[in-house]
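Here is the naming used below: chain letters follow the sequence lines, and residue numbers restart at 1 for every chain. Computed from heavy atoms alone, side chains included, the values below leave out hydrogens, waters and symmetry copies.
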Number of protein chains: 2
Amino acid sequence: MSVFAHHTHDFAANPDAALQAADAHFQKTGVRFTPLRRRVFEIILRAGKPIGAYDILERLRDHGKIAAPISVYRVLDFLIEQRFVHRLATINAYMACVTPEDPHAAQFLICQCCGSVTEISDPIIDKAIAEGAKTAHFQVSYPLVEIMGVCADCVREGKTPASGCAPDHDD
Amino acid sequence: MSVFAHHTHDFAANPDAALQAADAHFQKTGVRFTPLRRRVFEIILRAGKPIGAYDILERLRDHGKIAAPISVYRVLDFLIEQRFVHRLATINAYMACVTPEDPHAAQFLICQCCGSVTEISDPIIDKAIAEGAKTAHFQVSYPLVEIMGVCADCVREGKTPASGCAPDHDD
DNA sequence: GTAAGGTCGCTACACTATAACAAAATCGCC
DNA sequence: GGCGATTTTGTTATAGTGTAGCGACCTTAC
C-alpha cells in the first residue's frame, strides 16, 4: 500500500502500454503523433527515469536517425504541452507522466543520492498552493514542485547529500 | 494588508538595509563576507528582481572588475548556502531572500508576463509538502516551489501567457 | 492540383555552468 | 613578524543546455 495506489496505470513501468494509450489518445483527438514524436516518447518511457535532451538525441542517433538538438526540443515542447511528459527544471531532465490522461498537478521527489525521481500527485499540496496563490491574487498556470532530498531506499542505506551521498560516517 | 505583512523587513526593496544586516550577520558568525561577495550581493539586491549570473558578471565589469563566470557562480553558491540568495531553477535566475535571518521554506510566484517574482513563505504549503514527503518516506533537504502564472497586476491588465502576455483579445 | 499550415532538417549561435590548476589573500600558530 | 595551512580568487578552457532563422517537405482542406 503506497501513496501511488490510486494510479490505475504506472506508464513509466510499462512503455508498451503507455505507447498504445498515447496512440489511442492522439487518434481520438486528431493531434498528430508523428513517428519522430512517438520515437522520442518511447525513448523517454524506456529510460525509466529522467533523461536529458541530449541523451534523447544520442539515442535517436543510435537508431540511425540524424537529428539536431532543436528537433528534440521541439518534440519535448509538444509532449509537455500534451501533458505526456514533465520537465524537471532543477535537473534539466524530462520524464514521462505517470497518468497523462488524468489532468493533475504533480510533485516530484528527487533523490540527490541515486538520481531517482518519484512523481506524486498530492491533492493537499496542490490545494495549499492554489490557496496561497489566490491569497496573493496570482493566477496559476503551472505549479512546479520539485522536492530535493533522499529517497527511502537511500535513507535506509544511510546515505546523505552532505556526504556526497555515500553512506554517512560519524567520524 | 497582504500575505507578506508578517515580513519585518523587505530587504529586496531596501538594499542598503539588507547590506548592513548582512554585514552584521557575517560579523557575528565570523563567516567571511569578502568585497567580491558583498559586491555581488549588492548587485542582486539592487536589481530588484531576479537576475541571471551573466548579468551579474556584466555589472561587475561595469564597475571595473574583471571577472570570469566561475567567480560569479562561486559567490552565488556561497550566498545561497548562507541563505541570502535564492536560485530560481525555472528561469535560471537569482534573487535576494526577503528574510535571510529567518530560516524558512520559500515559494515563488513567477509572472510569465512581466517577469516579476514574488517570494512568499506559506507555512500551509510547507507543511503539506513535508507531510506528502513523509508519506513517501522521503527525507526532504530542500523543497522547491516555483509557481508559474500571471501576477495580480498583469491579470488586471488582461494579460495571459497564452497570448504571449499581451492583453488578451477575444477574437 | 494547389494553397496554407504544420512539421522537420539544417546550420549556426546564445546562454548557463563547471573543470583544473595557479596565484593571492587570510587565518592560526609559534 | 614569519610560516604553514586553509580559503578565496584569478585564469583559461570547456562542458552542458537551449534557440534563431530559414528552407524543404509533408499533410490537409478546398
More than 12 heavy atoms of other residues, nucleotides or ligands under 6.0 Å from CD1 of B/Ile124: yes or no?
no
Taking OP1 and OP2 of C/dG6, is either one under 4.0 Å from a side-chain nitrogen or oxygen of A/Arg37?
no
Taking atom C1' of C/dG6 as reference, at what distance in whole Å does atom CZ of A/Phe26 sit?
15 Å
Distances under 3.5 Å between nitrogen or oxygen atoms of protein and nucleotides 27-30 of chain D:
none

Phosphate OP1/OP2 of C/dC15 contacted by B/Asn92 side-chain N/O (<4.0 Å):
no
Residue whose closest nucleotide on DNA chain D lies nearer the 5' end, B/Pro35 versus A/Ala93:
B/Pro35
Categorize A/Phe33 for me: base, sugar-phosphate, or nothing, with a 4.0 angstrom heavy-atom threshold over every strand shown.
nothing
Those residues of residues 51-80 of chain B lying under 4.0 Å from DNA chain C by at least one heavy atom:
B/Tyr54, B/Ile70, B/Tyr73
So, do A/Phe26 and A/Phe84 have ring centers that fall under 6.0 Å from each other?
yes
Starting from P on C/dC15, measure out to OH on B/Tyr94 and report it in whole angstrom.
15 Å
Student check: side-chain heavy atoms of A/Arg39 and A/Lys65 closer than 4.5 Å
no
Under 4.0 angstrom between A/Thr34 side-chain N/O and C/dC8 OP1 or OP2
yes
Have A/Gln107 and A/Ser121 got a donor and an acceptor in their side chains that come within less than 3.5 Å?
no
Out of the candidates A/Leu60, A/Val72, A/Val75, only one should pair with A/Ile43 under the side chain to side chain contact (heavy atoms under 4.5 Å, CB included) rule; please name it.
A/Leu60
Got more than 12 heavy atoms from elsewhere within 6.0 Å of CZ, B/Arg87?
yes
Close aromatic pair by centroid cut-off 6.0 Å: A/Tyr94 and A/His86
no
Value in whole Å for how far the P atom of D/dG16 lies from CD1 of A/Ile91
16 Å
Is it true that A/Glu119 and A/His104 share a donor-acceptor pair across their side chains at a distance under 3.5 Å?
yes
Heavy atoms of other groups near B/Leu36 CG, more than 12 under 6.0 Å:
yes
